[in-house]
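Step one of this worksheet: look at the structure below.
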Amino acid sequence: MGLRFYNTLTQSVEDFVPANGNEVRMYTCGPTVYNFVHIGNLRTFTFQDILRRWLQYRGYQLNHVMNITDVDDKIIRNASKEGKSLQEYTEVYTQAFLEDTGKMRLQRPERMVKATEHITEMVDAIQTLAHNGFTYESEGSTYYRISKFPEYGKLSHIHFDGMKAGARVDVDEYDKESAQDFVLWKAKKPGEVSWDTAIGDGRPGWHIECSVMAMKYLGSTLDIHAGGIDLVFPHHENEIAQSEAISGKPFAKYWLHSEHLNIDMQKMSKSLGNFYTLRDLVGMGYSPEALRYTLAAVPYRKKLNFTMEGLAGSQTSIDRLRNYKLRLETDKLGAGANAEFTKRAADALAAFETALDDDLNTAEALAAVFEYVRDTNSAMDSGAFLADNAKEALAFLEKFDAVFDVLKPSVAEGALGDAEIDAKVAERTAAKKARNFQLADQIRNELLELGVVIEDTKDGVRWKRK
RNA sequence: GGCGCGGUAGCCAAGUGGUAAGGCACGGGUCUGCAAAACCCUUAUUCGUCGGUUCGAUUCCGACCCGCGCCUCCA
């Protein structure tokens with residue numbers, strides 16, 4: 001079976017077949033730049049990164065657009081509170097976003113686009129919607145009339161025919177004809193940033209930017225649209241309503257949504273004091289790779305229960321893989337290949353690929369890796385694992401890392417260069433040979449303080465940076 | 001009230017109508033001048049509860065209990 005994804009639109013797992021051969025046109029909802037990204041945001045972006053990498057692994061050519069929302073209520077409020085312009089304020093968090101996602105090793109989309117740089121296109125789109133009869137004006141704002149779009153609710157599978165008892169309704173939005181109608185263009189309020197346009201002086205509603213930018217750069221029907229599960233309603237539902245009312249075509253074929261994470265079984269929130277950004281965790285001594293691994297290891301449609309114990313465990317898991325790689329590179333193995341392990345390498349790779357093809361089952365993919373690592377570690381001990389098998393293992397690790405990208409340490413190299421460390425290690429080895437253990441231990445401790453760990457193995461001494 | 005997700009070893013977590021992956025932690029061991037590091041082994045007769053279907057269910061069906069999400073801004 002080939003690559004397949006769970007599609008929110010159809011609520012089923014479907015074979016993935018993009019419209020144009022190998023090209024994948026993908027749009028993902030990026031950050032609203034009013035703060036540093038927290039680990040919940042990063043779960044979604046890490047999922048999107050795994051998705052990107054797996055599509056590439058499978059030979060697809062990506063054309064991925066991500067938006068940056070740089071105008072919205074929170075941004076306007078916070079910017080004015082700090083006495084900054086919109087640009088000054090959002091620039092800080094846009095840069096921080098790029099830095100943080102870089103540390104997380106998230107690939108950059110082919111194109112990142114800002115809402116404020118597409119005001120003209122949004123106005124055009126709203127005028128087209130007006131022309132097609134999907135809008136109405138009220139007190140200077142323009143609204144989308146949901147009743148004109150019968151398929152409204154098809155993504156979130158919410159039925160709006162007849163309000164249910166208990167459903168909450170915005171009572172104060174009296175200027176809307178219907179509670180589900182949403183704003184396309186908000187009339188200017190005193191003191192707020194605004195654009196004076198053909199449809200009035202104001203600013204865009206939240207949803208229109210994504211419809212406009214997605215269609216501008218990717219055409220009227222996307223292959224994949226992805227985001228966090230909370231965006232299904234209303235954001236993505238509204239994007240569909242807007243886009244399809246403009247183009248008359250399906251907006252996206254596959255809708256992929258990632259689940260949220262909890263912290264120690266509870267929702268992450270500032271009031272509970274369990275709210276973390278990448279910067280917080282790095283400040284506590286955790287590596288970005290440990291977070292990356294933690295977020296990637298649980299399949300994206302499962303709620304992820306984030307714990308500090310789990311984060312530390314991820315670092316240990318990564319270390320184990322790094323040690324394994326180091327061992328493959330340094331152990332003195334017999335020449336040739338053991339056919340048994342050639343087969344196991346192929347089997348492990350097949351299991352790895354099958355798991356990721358199945359709606360990105362990262363947990364199962366990792367199981368395939370670790371099972372192989374354990375088997376071959378034992379075989380290296382027994383001598384059954386030969387030099388060419390090690391090459392196969394390294395090739396497998398390379399494929400693993402093309403997706404998970406956790407093997408390369410991101411810690412600074414520290415004060416010592418490789419040559420200096422080699423010299424120190426040689427000095428210690430000589431001391432050991434002379435049975436001057438006091439000097440040997442002293443050198444070992446010195447190196448340890450500089451973040452270098454010495455390992456005595458049956459094939460000699462090797463070292464690594466901690 | 002509507003829609004949806006989940007409850008598998010101390011923790012994280014995969015999975016299937018045929019008898020429970022993997023990771024972390026704990027414990028044990030190998031190696032070692034001692035250590036460290038590394039590596040290996042061990043850990044669920046059992047998959048929320050109660051019924052049903054079946055030769056057989058953790059896996060299907062029903063009921064119930066518990067936790068969570070969305071329906072309003074939210075990754």
Side-chain angles (χ1 to χ4, degrees), chain A residues 8 11 28-32 37-48 72-74 153 156-160 162-170 173 179-180 206 226-235 237 257-262 264-269 293-295 297-299 301-321 323-324 326-327 331 351 355 358 361-375 377-378 380-382 432 435-438 440-441 444-445 448 453-458 461-464 466:
Chain A
T8 306
Q11 295 181 300
T28 58
C29 291
T32 300
V37 283
H38 62 248
I39 61 176
N41 298 317
L42 288 171
R43 184 191 192 190
T44 293
F45 296 132
T46 301
F47 145 64
Q48 291 167 3
D72 91 321
D73 291 349
K74 281 189 286 274
S156 52
H157 304 97
I158 298 173
H159 307 292
F160 293 93
M163 286 305 295
K164 305 291 183 300
R168 283 167 284 182
V169 176
D170 278 339
E173 298 255 22
Q180 290 89 44
W206 174 31
I229 194 162
D230 53 284
L231 295 184
V232 173
F233 189 89
H235 185 52
E237 195 71 72
H257 294 100
S258 53
E259 251 297 353
H260 282 183
L261 60 74
N262 288 145
D264 296 320
M265 306 302 278
Q266 286 188 296
K267 184 172 180 171
M268 178 168 74
S269 75
Y293 184 99
T294 301
L295 299 180
V298 177
R301 289 199 294 124
K302 281 272 288 200
K303 281 193 191 73
L304 187 158
N305 188 29
F306 182 91
T307 64
M308 289 302 162
E309 189 189 356
L311 185 61
S314 291
Q315 185 62 56
T316 309
S317 298
I318 293 170
D319 286 342
R320 180 145 164 238
L321 296 173
N323 284 323
Y324 176 70
L326 185 65
R327 189 175 183 195
D331 263 26
D358 182 14
N361 190 337
T362 48
E364 201 160 291
L366 287 171
V369 172
F370 278 100
E371 196 177 342
Y372 174 77
V373 166
R374 184 188 0 90
D375 275 3
N377 258 325
S378 294
M380 278 191 267
D381 289 341
S382 73
K432 268 180 71 177
R435 301 195 67 77
N436 183 350
F437 296 120
Q438 200 180 348
D441 290 352
R444 183 172 68 193
N445 289 334
L448 191 59
V453 180
I454 289 181
E455 295 182 15
D456 293 324
T457 77
K458 66 180 164 59
V461 185
R462 68 183 176 213
W463 59 265
K464 65 183 179 188
K466 188 71 180 163

Could you check whether the side chain of [X] and the base of [N] have a donor-acceptor pair of N or O atoms closer than 3.5 Å, going by distance alone?
X: A:R320; N: B:rA38; value: no
X: A:D441; N: B:rG33; value: yes
X: A:N305; N: B:rA13; value: no

To the nearest Å, how far apart are [X] [atom1] and [N] [atom2]?
X: A:L261; N: B:rC12; atom1: CG; atom2: P; value: 14 Å
X: A:I229; N: B:rC71; atom1: CD1; atom2: C1'; value: 13 Å
X: A:E455; N: B:rU30; atom1: CD; atom2: C1'; value: 15 Å
X: A:F370; N: B:rA21; atom1: CZ; atom2: C1'; value: 13 Å
X: A:K464; N: B:rA36; atom1: NZ; atom2: P; value: 14 Å
X: A:L311; N: B:rC11; atom1: CG; atom2: P; value: 19 Å
X: A:D230; N: B:rC5; atom1: CG; atom2: P; value: 17 Å
X: A:H157; N: B:rC5; atom1: NE2; atom2: C1'; value: 15 Å

Strictly by Watson-Crick or wobble contacts shorter than 3.5 Å, is anything paired with [N], and which nucleotide is it?
N: B:rA21; value: none
N: B:rG4; value: B:rC68
N: B:rA14; value: none
N: B:rG27; value: B:rC41
N: B:rC50; value: B:rG62
N: B:rA9; value: none
N: B:rG33; value: none

Separation of the [atom1] atoms in [N] and [M], to the nearest angstrom:
N: B:rA14; M: B:rG23; atom1: C1'; value: 11 Å
N: B:rA75; M: B:rG69; atom1: P; value: 16 Å
N: B:rG2; M: B:rU45; atom1: C1'; value: 42 Å
N: B:rC39; M: B:rG4; atom1: C1'; value: 45 Å
N: B:rU32; M: B:rU16; atom1: C1'; value: 45 Å
N: B:rC5; M: B:rG62; atom1: P; value: 13 Å
N: B:rG22; M: B:rC3; atom1: C1'; value: 34 Å
N: B:rU59; M: B:rA36; atom1: C1'; value: 46 Å

Exercise for the section: Check the angle between the aromatic planes of A:W206 and A:H235 and answer parallel, tilted or perpendicular using the 30° and 60° thresholds. Expected result: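 Correct class here is parallel.
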Handout entry: Pairwise side-chain contact, A:D358 with A:E364, heavy-atom cut-off 4.5 Å (strictly under)
Key =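 A:D358 vs A:E364: side chains apart.
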Problem - Heavy-atom side-chain contact between A:E309 and A:D264 under 4.5 Å - result: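 No. Closest side-chain heavy atoms not under 4.5 Å.
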Handout entry: Of A:A440 and A:G313, the one whose closest RNA chain B nucleotide lies more 5'
Key =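 That would be A:G313.
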Handout entry: Pairwise 5' ranking along RNA chain B for A:L366 and A:Q11, keeping only the more 5' one
Key =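 Comparing both residues, the 5'-ward one is A:Q11.
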Handout entry: Closest to side chain of A:S317, choosing from B:rC73, B:rC40, B:rC24
Key =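 Taking heavy atoms from C-beta onward, the closest nucleotide is B:rC24.
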Practice task
Considering non-hydrogen atoms only, spot the tightest contact between A:V298 and A:R43 and give its length.
Solution key: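 A:V298 and A:R43 have their closest heavy atoms at O-NH2, 3.4 Å.
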Problem - Closest non-hydrogen atom pair, A:S314 against A:Y293 - result: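 Where A:S314 meets A:Y293 most closely, the heavy atoms are OG-CD2, 3.4 Å.
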Practice task
Would you indicate what A:S378 reaches in the nucleic acid, counting non-hydrogen atoms under 4.0 angstrom: base, sugar-phosphate, or nothing?
Solution key: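 Sugar-phosphate contact only.
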Practice task
Just call it for A:G40: base, sugar-phosphate, or nothing, with non-hydrogen atoms closer than 4.0 Å on any strand.
Solution key: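 Answer is base: heavy atoms of A:G40 come under 4.0 Å of a base.
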Practice task
Could you tell me the separation between the CZ atom of A:R444 and the CG atom of A:L448, rounded to the nearest 0.5 Å?
Solution key: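 A:R444 CZ to A:L448 CG: 9.0 Å, rounded to 0.5 Å.
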Handout entry: Interatomic spacing from NZ in A:K74 to OG1 in A:T32 - rounded to 0.5 Å
Key =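 The distance works out to 6.5 Å.
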Problem - Stacked pair A:H260-B:rG69, distance under 5.5 Å, angle under 30° - result: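 No, aromatic ring not over the base.
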